[in-house]
S.K.: 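Handing you this structure, nothing more for now.
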Amino acid sequence: MATTLTLLYDRIRWDEKELLKSARSKGIDVKEVDVKNVIFNLNESRTSEVYGEVVLQRCISHTRGTYASACLESKGLRVLNKASVSEVCGNKLWTTLMLIQAGVPTPKTAITFTPESALKAAEEIGYPVVLKPLVGSWGRMVVALRDKEEAEAVIELRSQLNGPLNQIFYVQEKVKRPPRDIRCIVIGERLVAAVYRVAAAGEWRTNVARGGTTEPCPISKELEEIALKAAEAVGGGVLGVDMMESPNGLLVHEVNSTVEFRGAQSASSVSIADAIIDYALELIRR
Amino acid sequence: MEAKCSECDAQINVPDDAVSGEIVTCPDCGLNYEVVKGEDGVSLKPAESMSEDWGE
């Protein structure tokens with residue numbers, strides 16, 4: 001009997017197409033399930049749909065993906081990544097706490113609950129600092145603050161935004177680094193690929209969604225050790241660990257749960273989609 | 001397959017290998033559509049607009 005796998009999605013991007021291609025080329029019976037059409041009856045012990053042996057959760061919406069994973073796991077299904085991993089990676093505070101707890105080097109960071117304390121934290125860390133939303137993606141609302149004047153203006157604006165999470169201020173040192181960071185693709189206990197993400201001209205953020213480009217990055221022992229430790233710290237699975245090259249060594253600033261790998265693939269000779277599917281197969285066999 | 005844009009009436013070309021959930025864009029007005037493949041064949045529905053929690 002063929003191995004069965006479900007791809008849970010809400011939008012099919014290049015990445016999901018590669019995963020579908022890879023799984024089918026390996027003879028896996030893949031079912032595509034659009035999360036937008038799903039109803040989870042929580043009181044029933046089983047789902048009305050048959051999801052197969054592993055569910056690959058690839059929703060573009062972080063919230064949908066996390067909540068759907070929790071529902072599927074409650075029915076005893078194996079989901080990649082686990083809901084708890086998505087939850088941690090989708091929140092910068094949870095991620096940072098996990099990284100620190102595990103002894104993973106990470107930039108100096110403070111959390112405050114009022115704009116006044118956020119300004120004090122920025123002073124204490126020392127300008128320039130970076131203000132990040134606790135929950136957010138593609139580098140949106142990530143702001144570099146060069147001095148007190150800029151910080152006062154931006155923090156005041158942030159405090160005017162609706163939503164309780166906007167009233168929590170995540171202030172981080174702006175690490176002295178080259179105009180690039182390193183994206184590591186960790187799958188299970190293996191660092192599969194590492195690429196530099198080079199910021200676009202006139203942009204300091206390195207996100208590929210912001211025009212950042214990728215280049216191959218050699219895998220050193222230090223890089224591998226830190227990437228694996230960071231992945232384990234958030235609960236493991238298929239992860240994108242982002243690091244910066246600081247004067248004092250590598251620092252992990254983010255771990256992504258539903259990793260977008262188009263940029264990394266363009267600078268890597270290993271098929272990332274194949275590695276993800278192989279890992280799903282390995283989980284089934286375990 | 002070809003479809004018509006509900007906004008501007010332009011022809012939208014849906015590649016034969018398109019899969020459900022994939023996005024196609026109207027070449028004239030730029031409106032995004034989601035491909036839906038069902039028992040009745042291929043159709044297009046307006047795509048969701050980007051939400052704050054999208055992406056990594």
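The chains referred to below are lettered A, B, ... by the order of the sequence lines, with proteins before strands, and numbering in each begins at 1.
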S.K.: Hey, is CG on B/Asp40 packed in by over 12 heavy atoms from elsewhere, all under 6.0 Å?
M.R.: no
S.K.: Scan A/Arg183, A/Arg262, A/Arg13, A/Arg58 and name whichever one has a salt bridge (Lys or Arg N to Asp or Glu O under 4.0 Å) with B/Glu56.
M.R.: A/Arg183
S.K.: Under 4.5 Å between any side-chain heavy atoms of A/Tyr9 and B/Glu22, yes or no?
M.R.: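 They are not in side-chain contact.
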S.K.: Atom CZ of residue position A/Phe40 - does it have more than 12 heavy atoms of other residues, nucleotides or ligands inside 6.0 Å?
M.R.: yes
S.K.: Does CD belonging to B/Gln11 count more than 12 external heavy atoms closer than 6.0 Å?
M.R.: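 Check passes, neighbour count above 12.
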S.K.: Please classify the contact between A/Arg140 and chain B as side chain, backbone, both or neither, with a heavy-atom cut-off of under 4.5 Å.
M.R.: side chain
S.K.: Is any side-chain N of the basic residue among A/Arg11 and B/Glu34 closer than 4.0 Å to the acidic one's carboxylate O?
M.R.: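 No salt bridge links A/Arg11 with B/Glu34.
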S.K.: Give, for atom OG of B/Ser20 and atom CD1 of A/Ile12, the distance between the pair rounded to the nearest 0.5 Å.
M.R.: 8.0 Å
S.K.: More than 12 heavy atoms of other residues, nucleotides or ligands under 6.0 Å from CH2 of A/Trp94: is that the case?
M.R.: no
S.K.: Tell me, yes or no, whether the heavy-atom count around A/Lys92 atom NZ, taken from other residues, nucleotides or ligands under 6.0 Å, exceeds 12.
M.R.: yes
S.K.: Search all heavy atoms of A/Ser137 against all heavy atoms of B/Gly55 and return the closest pair with its distance.
M.R.: CB-O, 3.3 Å
S.K.: Could you give the distance from CD (B/Glu48) to CG (A/Asp10), rounded to the nearest 0.5 Å?
M.R.: 6.5 Å
S.K.: Does any backbone or side-chain atom of A/Thr258 lie under 4.5 Å from a heavy atom of chain B? Answer side chain, backbone, both or neither.
M.R.: backbone
S.K.: Working to the nearest 0.5 Å, report the span between OG of B/Ser51 and CZ of A/Arg64.
M.R.: 7.5 Å
S.K.: Tell me, yes or no, whether the heavy-atom count around A/Asn37 atom CG, taken from other residues, nucleotides or ligands under 6.0 Å, exceeds 12.
M.R.: yes
S.K.: Could you tell me whether A/Met98 atom CE has more than 12 heavy atoms of other residues or ligands within 6.0 Å of it?
M.R.: no
S.K.: Quick check on the interface: out of A/Lys36, A/Glu32, A/Met141, A/Glu254, who has the most heavy-atom pairs with chain B under 4.5 Å?
M.R.: A/Lys36
